[in-house]
Amino acid sequence: MSSTGDSTAAGGSCPIHPVRGDRRPVRHAWEARMPEVPQQPSPLPPAHPAPTSSLIGFRGPTACSAAGITYRQLDYWARTGLVEPSVRPAQGSGSQRLYSFRDILVLKIVKRLLDAGVSLQNIRVAVTHLRTRGVADLAGITLMSDGATVYECTSPHEVVDLLQGGQGVFGIAVGAVWRELEGSLSKLHGERTDTGETLVGQDPADELARRRNRAG
C-alpha cells in the first residue's frame with residue numbers, strides 16, 4: 001500500500017561446433033527438396049477496435065461527456081499539465097486534442113476526487129503516481145481518501161486496514177470506473193490514430209429503436 005498527498009508513506013543458448021578437417025555438414029536430400037514456407041502476412045488491425053485500444057483516440061467534447069466534466073475544466077487541466085492528451089496535444093488554433101482511454105479514465109477519477117473535497121494539490125500527486133502504473137495494474141487499484149491524503153490500495157486487506165485506522169472516508173474502485181467508462185465510450189464517436197477515420201459509437205438502445213421503427 002502506498003499513499004499520495006500530505007503523508008507520503010536468460011535463457012539458454014545452443015552451442016555452435018566448428019567444422020574440423022574435411023568434415024562438412026551433411027544436408028539430406030529431403031531437406032533440399034522441402035519448399036520454402038511462405039511468410040504469413042501481418043494481421044490487419046480490427047475494423048472497429050475497442051475503446052480501450054491504443055488505435056482509438058477521443059476528441060475533447062467526447063472526453064468531457066464520458067468523464068462528466070466541463071470543457072473549461074478539460075482545457076484548464078490540459079494547460080496546467082494535470083491531465084494532458086497523450087494521443088495528440090493541441091497544436092495551434094483550430095487543432096483538436098485527442099485523448100486516450102487511459103487519459104479519460106484519469107479525468108473521471110480526478111472529477112470524483114474533486115467532488116469528494118480532495119485538494120487539487122493532492123490530486124496532482126495522485127495523478128503523477130497513477131502515471132507510473134501499467135495500464136493492466138490500474139484495474140486492480142482502489143483509491144481511498146480521508147479528504148486530505150489519497151491512498152492507493154491493491155488488496156481488500158489494505159482497504160480494511162485504512163478504514164479501521166480511520167484514514168479512509170471514501171473509496172474509488174478504479175476497475176469499476178474502468179468498466180463504466182468503457183461502456184460509455186463504446187456509444188460515443190472515436191477516431192482511429194492510424195488512419196484518422198471517425199468511428200461512430202454503437203448505442204444498443206438506438207439500434208433497438210431503429211429495429212422497432214423498421215418493424216412498425
Side-chain angles (χ1 to χ4, degrees), residues 43-116 118 120 123-124 126-127 130-131 133-143 170-216:
L44 295 174
H48 201 298
T52 56
S53 171
S54 60
L55 291 174
I56 301 296
F58 301 91
R59 294 193 174 190
T62 301
C64 290
S65 175
I69 61 176
T70 66
Y71 194 84
R72 178 176 294 183
Q73 287 175 308
L74 181 80
D75 184 61
Y76 177 72
W77 295 347
R79 288 188 289 106
T80 58
L82 178 61
V83 185
E84 299 177 279
S86 62
V87 179
R88 187 174 66 212
Q91 299 172 337
S93 177
S95 64
Q96 291 281 346
R97 299 186 181 104
L98 212 57
Y99 290 81
S100 69
F101 176 88
R102 181 192 179 113
D103 297 335
I104 303 176
L105 178 65
V106 174
L107 287 170
K108 199 170 181 69
I109 291 172
V110 169
K111 174 64 163 53
R112 294 196 177 186
L113 290 173
L114 279 175
D115 289 345
V118 180
L120 195 57
I123 291 176
R124 287 185 181 278
V127 168
L130 289 175
R131 288 196 188 113
R133 305 304 298 263
V135 176
D137 297 333
L138 291 176
I141 292 174
T142 297
L143 296 177
F170 74 94
I172 300 174
V174 179
V177 180
W178 179 299
R179 292 186 292 272
E180 178 185 334
L181 180 61
E182 187 174 10
S184 299
L185 287 176
S186 66
K187 302 173 186 178
L188 300 173
H189 295 353
E191 182 176 318
R192 290 194 64 131
T193 58
D194 53 349
T195 64
E197 174 191 0
T198 298
L199 299 177
V200 179
Q202 304 293 325
D203 190 335
D206 290 346
E207 178 61 26
L208 182 60
R210 285 193 292 269
R211 290 181 181 180
R212 287 175 175 171
N213 289 336
R214 288 197 297 267

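Atom set for the values below is all heavy atoms of this structure, side chains included, hydrogens, waters and symmetry mates excluded.
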Legend entry - ring-ring contact (aromatic ring centres under 6.0 Å, His included) against Trp178, all qualifying residues, sequence neighbours excluded: Phe101
Inset, instruction - Using modelled atom types only, decide if a donor and an acceptor are shared between the side chain of Ser186 and the backbone of Gly183 within a distance under 3.5 Å. - result: yes
Legend entry - Side chain Asp103, main chain Pro85, donor-acceptor under 3.5 Å: no
Legend entry - From Leu105 atom CG to Leu181 atom CG, the distance as rounded to the nearest 0.5 Å: 6.0 Å
Inset, instruction - Using distance alone, with no hydrogens and no angle criterion, decide if Thr198 and Arg192 have a side-chain donor and acceptor under 3.5 Å apart. - result: no
Inset, instruction - Look up atom CZ in Arg72 and atom SG in Cys64, then write down how far apart they are to the nearest 0.5 Å. - result: 12.0 Å
Legend entry - Flag, side chain of Thr80 to backbone of Tyr76, donor-acceptor distance under 3.5 Å: yes
Legend entry - Carboxylate-amine/guanidinium proximity below 4.0 Å for Arg88 and Glu191: yes
Inset, instruction - Could you walk me through whether Thr62 and Leu185 pass side-chain contact (heavy atoms from CB on, under 4.5 Å), step by step? - result: CA-CA 8 Å; Thr62 301; Leu185 287 176; 4.2 Å; yes
Legend entry - Pairwise side-chain contact, Pro89 with Leu98, heavy-atom cut-off 4.5 Å (strictly under): no
Inset, instruction - Please test Arg102 against Thr52 for side chain to side chain donor-acceptor pair (under 3.5 Å), starting from the C-alpha separation and ending with a verdict. - result: CA-CA 8 Å; Arg102 181 192 179 113; Thr52 56; over 6 Å; no
Legend entry - Ionic contact status for Lys108 with Glu180, cut-off 4.0 Å: yes
